[in-house]
Number of protein chains: 2
Amino acid sequence: MSVKMEDVARAAGVSTATVSRVLNNPDLVSDDTKQRVMDAIQQLDYKINLAARSLRTNQTRTIAIVIPTISEPVMNELVEAVEDVAVQENYTLLLCSTRGNPEREQAYIRLLTQQTIADGVLYLSPRAAPDVVRQLLDGPAPVILCNYSLDDTATPSVMMDHVSSIQQTTAYLLSLGHRQVALLNLSAPHYYPARMRHQGFENAFAEIGLTPDPILIKELDQPTYEHDEWQDTIHQLFDLPDPPTAIVAFNDMVALQVYAVCRQRGLRIPDDISVTGCDDILSASHVEPALTTVRIPAREQGRIAMQYLLKMITQPEASINSLTLIPVELVTRESCTVPAG
Amino acid sequence: MSVKMEDVARAAGVSTATVSRVLNNPDLVSDDTKQRVMDAIQQLDYKINLAARSLRTNQTRTIAIVIPTISEPVMNELVEAVEDVAVQENYTLLLCSTRGNPEREQAYIRLLTQQTIADGVLYLSPRAAPDVVRQLLDGPAPVILCNYSLDDTATPSVMMDHVSSIQQTTAYLLSLGHRQVALLNLSAPHYYPARMRHQGFENAFAEIGLTPDPILIKELDQPTYEHDEWQDTIHQLFDLPDPPTAIVAFNDMVALQVYAVCRQRGLRIPDDISVTGCDDILSASHVEPALTTVRIPAREQGRIAMQYLLKMITQPEASINSLTLIPVELVTRESCTVPAG
DNA sequence: ATGTTTAATGTAATCGATTACATTTTATGA
DNA sequence: TCATAAAATGTAATCGATTACATTAAACAT
């Protein structure tokens, strides 16, 4: 059928061992034979059979990335960064996007644990319960966990500083004098970033000895990544007898929903209401007024996580920081000002 | 080392052939033995070795998707749709994003042709020259081509109707009475969508017996997917002695750049200038005024392309439409009106 | 009861590389 | 020149499944 190593060997007048060496350890072969083998490979248009190689070496040179979605700006940047490292290091990337669907996440985990499919797994912002996540950790491939906490294990993880992100936006608003500050947050059960961002909100208040008004904290369980459903919630906030003077959105997409509602109600940002987001997506700077938000170095996180993972694969014995926290940075634009009156 | 089929066989008191049958052809095995084998698998936590299977069956159950970027809304939706089909059909998805970089595209093609890595390839919006693309087509795996034309081969392709998209926005502006209509287009050498969208622009004029003013056609060679560089070009248009009354952007991101420039210059959309985009990304409807654009059913394209590809894999003899053209739909919003004066 | 078909299982070759170990060739030193 | 070390290459076992073919057991017909 297809040309195999044996054919190349025959054509070059050597053994398959030598052909294999030309491919994997060229230094062990004399220049002369090397050339002959290369020519034969060229001539016959030989393509190595990766399955056979994998079977023998027990390596796939594939990394799996498990990620809730690739449609969000932060996520797709991260994936691209990961892929860049993969390409550079001659790995191939298996995309496992779970769409925030725990069943699908479970299915992918089953796949990745039950079968020798990838040399390593990058597991991003899981939404699954801890015991599901642990199944993967107990699997054969090394795993790097991003944006998830599993207190009791020593799994290496690379985290964005989610706490700090919302803490910074909130603190900024508080420093402008706002006290009626609302929070729009996600509340999917095991979604670490949402929990941490909430934490940041509380922290900012605590820092100046206050507590946020619970009535101004809105948490929506949003499995999908559709954002239109936030508008009702936002209207509710404005309909309050004592409405917020500032709104902290847990991400930019939701902040833009606030913009939309304000437009509907004829409210002016920032004069009538201050708004902050998080993530610094492209539209954050394009929108009018430009949105104050937090820059999340997604590419950097992807790069670091991937580099760690590759290190775990190639040097299983080497120690790795079990926790890397990536700092984030407040970007002040025009969507906030001192409270009216 | 790890538990293999032989161990399961021993534990269940059968031969490996039977274990294999339980996994692949359960009907050939008696209920009794089947149960025993399943128990043993469970007991031993047996995980099949995919490399071994692939070696034997010559199948990888992997599809590779080659795509310029996953950071554009149209693209990431398409990828997700493709992945949905893959998951459903028990395939795994290899992500090969080329970042609009022909060298990287070339490298991926080499990988995909030189090695038995995927059972099929989805090749989206290539930017490479025809002979590079042909290398892939000559490779071992079946390929579906999206948004590319290679007149002389009978490669099955699934195309978005790029011509029609811009033709519709342009025709719409013309029908409103605009004559000074500018085009902002991409001009990467082998990028089919850009060529076709330009075509649509010309067609719309031709339909009413006119020709567009060449001075109003701006084509930017933009290898990356950064869009900020358009602003200079847009300013140039407005600085013309006889500036356009309407601007046709080849996609929504660029249309939003027009919005930004208008804001800078104090021009009002649509009163001072009408603007259209293409793709109907999320911000198109969120922006103020909402953008008139063209809805591109990216998910559908992904789904169809993937289904065709799987058909080619499972039924190599079956005939497949060599060209599928997916219709697109004009979405009129508030960014256009009749020309002033 | 016996021959014949069908169902269930086993035996062993095979897929195509890698690599430990053995062997041959070449280089080096006294 | 010859012994010995180093370099180059070859031989064959091995990775872990699948599956053609062979065999045995069960079901059925007459």
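Keep in mind that the numbers below use all heavy atoms, side chains included, and drop hydrogens, waters and symmetry copies. Within every chain, numbering begins at 1; the chains are lettered A, B, ... in the order of the sequence lines, protein sequences first and strands thereafter. Note that the coordinates shown come from a computational prediction; the quantities given were computed from them, not determined experimentally.
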B:Lys4 atom NZ is separated from D:dT18 atom P, nearest whole Å, by 14 Å
Which ones in residues 17-32 of chain A lie close to DNA chain C, meaning a heavy atom under 4.0 Å from one of its atoms?
A:Ala17, A:Ser20, A:Asn24
Considering every strand and a 4.0 Å limit on heavy-atom distances, what is the contact class for A:Thr33: base, sugar-phosphate, or nothing?
sugar-phosphate
Between A:Thr57 and D:dC15, is there a side-chain N or O to OP1/OP2 distance below 4.0 Å?
no
Whole-Å gap separating P (C:dA17) and CD (A:Gln59):
17 Å
What bend angle does the helix from C:dA1-D:dT30 to C:dA30-D:dT1 show across its length, from five-pair end axes and to the nearest 10 degrees?
30°
Distance only, no hydrogens: is a donor on one side chain within 3.5 Å (strictly under) of an acceptor on the other, for A:Asn76 and A:Glu80?
no
Contact check, side chains of A:Ser157 and A:Leu323, non-hydrogen atoms, under 4.5 Å
yes
Not counting sequence neighbours, which residues clear side chain to side chain contact (heavy atoms under 4.5 Å, CB included) with A:Asp7? List them please.
A:Val3, A:Lys4, A:Arg10, A:Leu44
Winner on side-chain proximity to A:Met5, out of C:dG16, C:dA13, C:dA17, is C:dA17
Step by step, would you call A:Arg127 with A:Glu105 a salt bridge (charged side-chain N to carboxylate O under 4.0 Å, His left out)?
CA-CA 8 Å; A:Arg127 289 181 160 227; A:Glu105 196 163 327; over 6 Å; no
For B:Gln59, I'd like to know if atom CD has over 12 heavy atoms of other residues, nucleotides or ligands within 6.0 Å.
yes
Return the set of residues passing side chain to side chain contact (heavy atoms under 4.5 Å, CB included) with A:Ala52 (not counting sequence neighbours), or none when no residue passes.
A:Asn49, B:Leu55
Distance, rounded to the nearest Å, where B:Arg10 contributes CZ and C:dT9 contributes C1':
18 Å
Could you state the atom-to-atom distance from CZ of A:Arg36 to C1' of D:dA8 in whole Å?
11 Å
Can a donor-acceptor pair be found between the side chains of B:Gln135 and B:Thr113 at a distance below 3.5 Å?
no
Can you sort out the partners of B:Arg110 under side chain to side chain contact (heavy atoms under 4.5 Å, CB included), two or more places apart, ordered by chain and number?
B:Gln106, B:Gln114
Contacting residues from residues 41-50 of chain B, given that a heavy atom lies under 4.0 angstrom of DNA chain C
none
Nearest 0.5 Å, please: how far is CG in B:Leu93 from CG in A:Leu93?
9.5 Å
What is the distance, rounded to the nearest whole Å, between atom CG of A:Asn58 and atom P of D:dT14?
16 Å
To the nearest angstrom, how far is B:Ile117 atom CD1 from C:dA17 atom P?
14 Å
Side chains of B:Val132 and B:His190: closer than 4.5 Å at any heavy-atom pair?
no
Take atom CD of A:Glu6 and atom P of C:dT18, then tell me their distance rounded to the nearest Å.
14 Å
Gap between atoms CG and P, on A:Asp7 and C:dG16 respectively (whole Å)
9 Å
Under 3.5 Å donor-acceptor pair, A:Arg53 side-chain atoms to C:dT18 base atoms
no
Report the C-alpha distance between A:Asp131 and A:Arg134 in whole Å, list the side-chain angles of each, state the deciding distance to 0.1 Å, and finish with yes or no for salt bridge (charged side-chain N to carboxylate O under 4.0 Å, His left out).
CA-CA 5 Å; A:Asp131 56 316; A:Arg134 269 201 210 89; over 6 Å; no
Begin from the C-alpha positions of A:Arg299 and A:Asp84 and carry the test salt bridge (charged side-chain N to carboxylate O under 4.0 Å, His left out) through to its verdict.
CA-CA 10 Å; A:Arg299 304 202 112 88; A:Asp84 286 349; 5.5 Å; no
